[in-house]
Amino acid sequence: MAETTVTIHLNQQQKDLLDRTVAAGVAPDRIALIRLALRRYGELHAEKG
């Protein structure tokens, strides 16, 4: 799979939400959580064929 760089801009409320989700143990850090979300999004929206 090719590597892709994604740039996101978050406001403070979004950062706080990421931090609370990390604190809940879903992922070890913000980057890992965002990668997980992108992976799941890709799986759900992948073209089937």
Side-chain angles (χ1 to χ4, degrees):
M1 180 178 277
E3 193 171 305
T4 303
T5 299
V6 176
T7 302
I8 61 172
H9 299 275
L10 302 172
N11 63 33
Q12 189 59 48
Q13 183 179 14
Q14 292 165 322
K15 290 176 187 177
D16 292 343
L17 178 59
L18 286 176
D19 290 342
R20 287 194 306 270
T21 305
V22 167
V26 175
D29 56 40
R30 287 180 184 171
I31 299 296
L33 180 59
I34 291 167
R35 286 182 176 148
L36 173 63
L38 289 171
R39 222 174 6 261
R40 288 185 179 174
Y41 180 87
E43 290 168 358
L44 289 172
H45 294 86
E47 290 184 4
K48 296 178 182 175

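Only this structure's heavy atoms are used, side chains among them; waters, hydrogens and symmetry mates stay out.
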> Group every Ile, Leu, Val, Met, Phe, Trp and Tyr by side-chain heavy-atom contacts under 4.5 Å, then state whether Val22 and Leu36 land in the same group.
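Val22 and Leu36: one cluster.
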> Measure the CZ-CG distance between Arg40 and Leu38 for me, rounded to the nearest 0.5 Å.
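Going from the CZ atom of Arg40 to the CG atom of Leu38 covers 12.0 Å.
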> Following the transitive rule for hydrophobic clusters with a side-chain heavy-atom cut-off under 4.5 Å over Ile, Leu, Val, Met, Phe, Trp and Tyr, establish whether Tyr41 and Leu33 coincide in one cluster.
no
> Inspect the surroundings of CD in Gln13 and state if more than 12 heavy atoms from other residues, nucleotides or ligands are less than 6.0 Å away.
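No, CD of Gln13 has 12 or fewer neighbouring heavy atoms, counting only those of other groups under 6.0 Å.
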> Measure the CG-CG distance between Asp19 and Asp29 for me, rounded to the nearest 0.5 Å.
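With rounding to 0.5 Å, CG (Asp19) is 10.5 Å from CG (Asp29).
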> How long is the gap from CG on Leu18 to CD1 on Ile8, to the nearest 0.5 Å?
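Nearest 0.5 Å value for the CG-CD1 distance: 7.0 Å.
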> Can you tell me how far CZ of Arg30 sits from CG of Leu10, rounded to the nearest 0.5 angstrom?
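That separation rounds to 7.5 Å.
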